[in-house]
J.: 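Quick one: the structure is below, questions incoming.
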Amino acid sequence: MAVSFHSIVVDTHDLPSLARFWCQVLDWRVVFEADDEIVIGADRSALPGICFVPVPERKVRKNRLHIDLAPDDQAAEVERIIGLGARRVDIGQQAEVGWVVLQDPEENEFCVLSPKNSLID
């Protein structure tokens with residue numbers, strides 16, 4: 001049986017706002033929108049995507065799963081994403097690590113890595 005990575009589902013308090021933030025970060029667009037779900041992606045057929053679903057409560061602890069972004073220029077991308085509404089966060093990472101931890105506007109942690117050429121470098 002074949003399987004593929006389809007999407008990540010993110011619980012959110014404000015669907016439109018968080019979807020817009022991630023569209024700007026990833027240069028994606030909204031491919032589906034309803035009151036109870038917004039799906040974003042590079043286009044309708046490009047996998048994976050991100051699906052935002054509503055929850056009434058706010059996030060209360062560190063994510064168990066997070067997104068890693070691998071830009072060409074880490075410093076420039078960190079500043080661009082902060083300008084979109086993210087903020088730096090310290091989750092106990094050491095100063096010499098090769099990534100920067102940020103939080104999106106609903107406090108979901110994600111990392112901006114140093115440039116990468118493969119999954120293991």
Side-chain angles (χ1 to χ4, degrees):
M1 174 168 62
V3 67
S4 61
F5 183 18
H6 183 265
S7 63
I8 295 172
V9 179
V10 178
D11 292 348
T12 181
H13 185 69
D14 183 345
L15 276 76
S17 177
L18 201 58
R20 275 192 311 272
F21 170 82
W22 281 103
C23 280
Q24 291 176 310
V25 168
L26 298 169
D27 194 24
W28 286 3
R29 62 186 182 91
V30 173
V31 297
F32 176 80
E33 185 169 358
D35 290 341
D36 62 348
E37 177 182 42
I38 296 177
V39 179
I40 69 169
D43 65 53
R44 291 179 62 97
S45 59
L47 300 177
I50 302 176
C51 177
F52 300 92
V53 297
V55 295
E57 70 278 357
R58 295 209 176 266
K59 182 178 162 287
V60 294
R61 60 176 132 293
K62 180 182 173 294
N63 297 2
R64 300 273 318 252
L65 175 74
H66 69 267
I67 296 171
D68 283 346
L69 303 175
D72 293 333
D73 182 334
Q74 182 188 45
E77 196 61 18
V78 165
E79 292 310 311
R80 183 185 77 84
I81 295 170
I82 288 172
L84 296 173
R87 67 180 187 90
R88 287 181 183 262
V89 63
D90 181 355
I91 58 167
Q93 69 272 24
Q94 310 235 340
E96 65 275 357
V97 297
W99 62 86
V100 176
V101 182
L102 299 177
Q103 285 183 332
D104 70 18
E106 290 201 14
E107 300 181 350
N108 298 299
E109 296 88 7
F110 63 98
C111 294
V112 181
L113 309 175
S114 57
K116 301 289 182 193
N117 294 313
S118 74
L119 287 173
I120 58 172
D121 71 349

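Keep in mind it's a predicted model, so treat the numbers as computed, not measured. The first residue of the sequence shown is numbered 1, and numbering continues consecutively from there. Computation of the quantities below employed the complete heavy-atom set of this structure, encompassing side-chain atoms and omitting hydrogens, waters and symmetry-equivalent molecules.
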J.: How long is the straight-line distance from CG of D104 back to CD of E109, given to the nearest 0.5 Å?
T.: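 Reported to 0.5 Å precision, the distance equals 8.5 Å.
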
J.: Given 3.5 Å as the limit, does a donor-acceptor pair link the side chain of E106 with the main chain of H13, or not?
T.: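 At least one qualifying donor-acceptor pair exists.
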
J.: Between R29 and A42, which heavy-atom pair has the shortest distance, and what is it?
T.: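 It is NE-O, 4.0 Å.
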
J.: Could you see if I67 belongs to whatever hydrophobic cluster contains V10? Use Ile, Leu, Val, Met, Phe, Trp, Tyr and a side-chain cutoff under 4.5 Å.
T.: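 Yes: a chain of side-chain contacts under 4.5 Å links I67 to V10.
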
J.: Closest approach of S7 and I50, non-hydrogen atoms and distance?
T.: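 Taking S7 first and I50 second, the nearest heavy atoms are CB-N, 4.5 Å.
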
J.: What are the two closest heavy atoms between F5 and P48, and how far apart are they?
T.: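 What the structure gives for the nearest pair is O-CB, 3.8 Å.
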
J.: Would you say the side-chain atoms of R20 pair up with the backbone N or O of V30, donor to acceptor, closer than 3.5 Å?
T.: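 Not a single qualifying donor-acceptor pair exists.
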
J.: When clusters are formed by joining ILVMFWY residues with side-chain heavy atoms under 4.5 Å apart, either directly or through shared neighbours, do L18 and V31 land in the same one?
T.: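 Different hydrophobic clusters.
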
J.: Please determine whether the number of non-hydrogen atoms from other residues, nucleotides or ligands lying under 6.0 Å from atom CG of D27 exceeds 12.
T.: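 Check fails, neighbour count at 12 or below.
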
J.: Nearest 0.5 Å, what's the CD-CG distance between E79 and D73?
T.: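 Taking CD in E79 and CG in D73, the distance rounds to 10.5 Å.
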
J.: When clusters are formed by joining ILVMFWY residues with side-chain heavy atoms under 4.5 Å apart, either directly or through shared neighbours, do L26 and L113 land in the same one?
T.: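 Unlinked, L26 and L113 end up in two clusters.
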
J.: Might you point out which heavy atoms bring Q93 and V89 nearest each other, and give the distance in Å?
T.: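 Smallest heavy-atom distance, with atoms named: NE2-O, 3.0 Å.
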
J.: Counting distance only, does the side-chain N/O of K59 pair as donor-acceptor with the main-chain N or O of R61 below 3.5 Å?
T.: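 A pair under 3.5 Å: yes.
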
J.: Could you state the interatomic distance from CG (L102) to CD1 (I81), rounded to the nearest 0.5 Å?
T.: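 So the gap between those two atoms works out to 6.0 Å.
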
J.: How long is the span from the SG atom in C51 to the CG atom in D11, to the nearest 0.5 Å?
T.: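 Nearest 0.5 Å value for the SG-CG distance: 9.5 Å.
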
J.: Has T12 got a side-chain atom pairing as donor or acceptor with D14's backbone, closer than 3.5 angstrom?
T.: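 Confirmed, T12 side chain pairs with D14 backbone.
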
J.: Please table the atom pairs, donor to acceptor, closer than 3.5 Å between any side-chain atom in residues 34-41 and protein atoms at least two apart or in another chain.
T.:
none

J.: Which pair of non-hydrogen atoms, one from P105 and one from G85, has the smallest distance, and what is that distance?
T.: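 So the minimum-distance heavy-atom pair works out to CG-O, 3.9 Å.
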
J.: Can you name the closest pair of heavy atoms from G98 and Q74 and give their distance?
T.: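 The pair with the smallest heavy-atom distance is O-NE2, 3.3 Å.
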
J.: In terms of hydrophobic clustering (I, L, V, M, F, W, Y; side-chain heavy atoms under 4.5 Å; direct or indirect links), are L15 and I8 co-clustered?
T.: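 Cluster IDs for L15 and I8 match.
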
J.: R88 and I82: side-chain contact (heavy atoms from CB on, under 4.5 Å), yes or no, with the steps?
T.: CA-CA 8 Å; R88 287 181 183 262; I82 288 172; 4.0 Å; yes

J.: Just wondering, are more than 12 heavy atoms of other shown residues or ligands nearer than 6.0 Å to CH2 in W99?
T.: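 No - once you tally the heavy atoms of other residues, nucleotides and ligands closer than 6.0 Å, there are 12 at most.
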
J.: Does a side-chain heavy-atom distance below 4.5 Å link E77 with V100?
T.: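 Heavy-atom side-chain distance check fails, nothing below 4.5 Å.
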
J.: What distance do K62 atom NZ and Q103 atom CD have between them, rounded to the nearest 0.5 Å?
T.: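 So the gap between those two atoms works out to 11.0 Å.
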
J.: As a quick check of understanding, evaluate side-chain contact (heavy atoms from CB on, under 4.5 Å) for F21 and L84, giving each step before the final call.
T.: CA-CA 7 Å; F21 170 82; L84 296 173; 3.9 Å; yes

